[in-house]
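One structure is given here, and the rest of the page talks about it.
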Amino acid sequence: MLKFDVITVFPDYLKPLELSLMGKAIEDGLISVNVKDLRDYTTDKHQTVDDSPYGGGPGMVMKPEPWGDALDEFATAETILIIPTPSGKPFTQALATELSKEKHIVFACGRYEGIDSRVAEHYKTKIRVEEVSIGDYVLAGGEVAVLVMVEAIARLVPGVLGNQESFADDSFAVGAMENLLEGPIYTRPPVWRDLEVPQVLTSGDHAKISAWKHEQAKLRTAQNRPDLAE
């Protein structure tokens, strides 16, 4: 079982993980998700988790002390600590696949201007730490990024998807054809608002269908992600 621990100042933000596919995976004992409030690890009556940055600048920085106390409680030799941050390395399908094979992942959800950098520096001497970005944009906090990453990782855990072949042809799937985006998809009815399903898909000719899907994947990749096409 893959265990996720999420530390945040907004625990309710993670409630969507109890729904749909993730909720069923939790019920089935394939994954576990524990959400902890960082303010439980503060020591002052105001439960302060942030302070002004050294060197000046706008915004506030999350203090290292509550993070240290929280992570000391959760981290073990098997733990991978993931810190969502726009300055981190890209979160990819390959990384999601790698992480889906681990036993314990802790997410540290930063807020404001982020977490004091000494937290990552300290824990890198003890466990594997990954500072990860889900895209070239800035969010109000790490919670949304954690929702994205937990779902991307958990759906790759054996048994979470009813059919393990479901993600084999995903866009960016490890081992997928030439790292192409997935092409267009269709279902019944065969005609909807004068738009017909491509005839090749109803031909029953699997070789032609495979060739068509490959060509459509190349076209979509060239259109939407020319950087990958190159």
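In this text the structure is predicted, and so the values were computed from the model without any measurement.
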Taking atom [atom1] of [X] and atom [atom2] of [Y], what is their separation to the nearest 0.5 Å?
X	Y	atom1	atom2	answer
E102	K3	CD	NZ	15.0 Å
L71	K126	CG	NZ	11.5 Å
S32	H104	OG	NE2	7.5 Å
T85	I134	OG1	CD1	11.5 Å
I31	K24	CD1	NZ	11.5 Å
L161	L156	CG	CG	7.5 Å

May I have the step-by-step check of side chain to side chain contact (heavy atoms under 4.5 Å, CB included) for E130 and K89, ending in yes or no? CA-CA 8 Å; E130 298 284 0; K89 74 180 194 180; 3.1 Å; yes

Side-chain touch [X]/[Y], heavy atoms, less than 4.5 angstrom:
X	Y	answer
D5	K36	no
E215	K218	yes
L17	V35	no
L38	M62	yes
R111	E143	yes

If the threshold is 4.0 Å, N to carboxylate O, is there a salt bridge linking R220 and E182? no

Salt bridge (Lys or Arg N to Asp or Glu O under 4.0 Å) with E131: which residues, sequence neighbours excluded? K124

Any side-chain donor near an acceptor of the partner, T79 and T76, under 3.5 Å: yes

With a sphere of 6.0 Å drawn around [atom1] of [X], does it hold more than 12 non-hydrogen atoms of other residues, nucleotides or ligands?
X	atom1	value
I185	CD1	no
Y54	OH	no
D136	CG	no
R118	CZ	no
E151	CD	no
F74	CZ	yes

What are the two closest non-hydrogen atoms of [X] and [Y], and how far apart are they?
X	Y	value
V146	P84	CG2-CG, 3.8 Å
L2	F4	CD2-CZ, 3.4 Å
P16	L147	CB-CD2, 4.3 Å
V160	A154	CG2-O, 3.2 Å
S203	I209	OG-CG1, 4.2 Å
D37	V9	OD1-CA, 3.9 Å

Establish whether [X] and [Y] are linked, either directly or via other cluster members, by ILVMFWY side-chain heavy-atom contacts under 4.5 Å.
X	Y	answer
V119	V61	no
I80	M1	no
V144	I115	yes
L201	L180	no
V138	I83	no

Evaluate side chain to side chain contact (heavy atoms under 4.5 Å, CB included) for V106 paired with I127, printing each intermediate quantity in order. CA-CA 11 Å; V106 174; I127 58 175; over 6 Å; no

Taking [Y]'s backbone N and O only, do any of them form a donor-acceptor pair with [X]'s side chain (distance below 3.5 Å, no angle check)?
X	Y	answer
T48	D50	no
S210	H206	no
T221	L181	yes
D28	L30	no
Y41	E65	no
T8	F10	yes

Parallel, tilted or perpendicular for Y186 and W212, by the 30°/60° rule? tilted

Walk me through it: do I153 and F91 pass the test side chain to side chain contact (heavy atoms under 4.5 Å, CB included)? CA-CA 10 Å; I153 296 166; F91 180 72; 4.1 Å; yes

Tell me, with the steps shown, if I105 and M149 meet side chain to side chain contact (heavy atoms under 4.5 Å, CB included). CA-CA 11 Å; I105 299 173; M149 288 189 278; over 6 Å; no

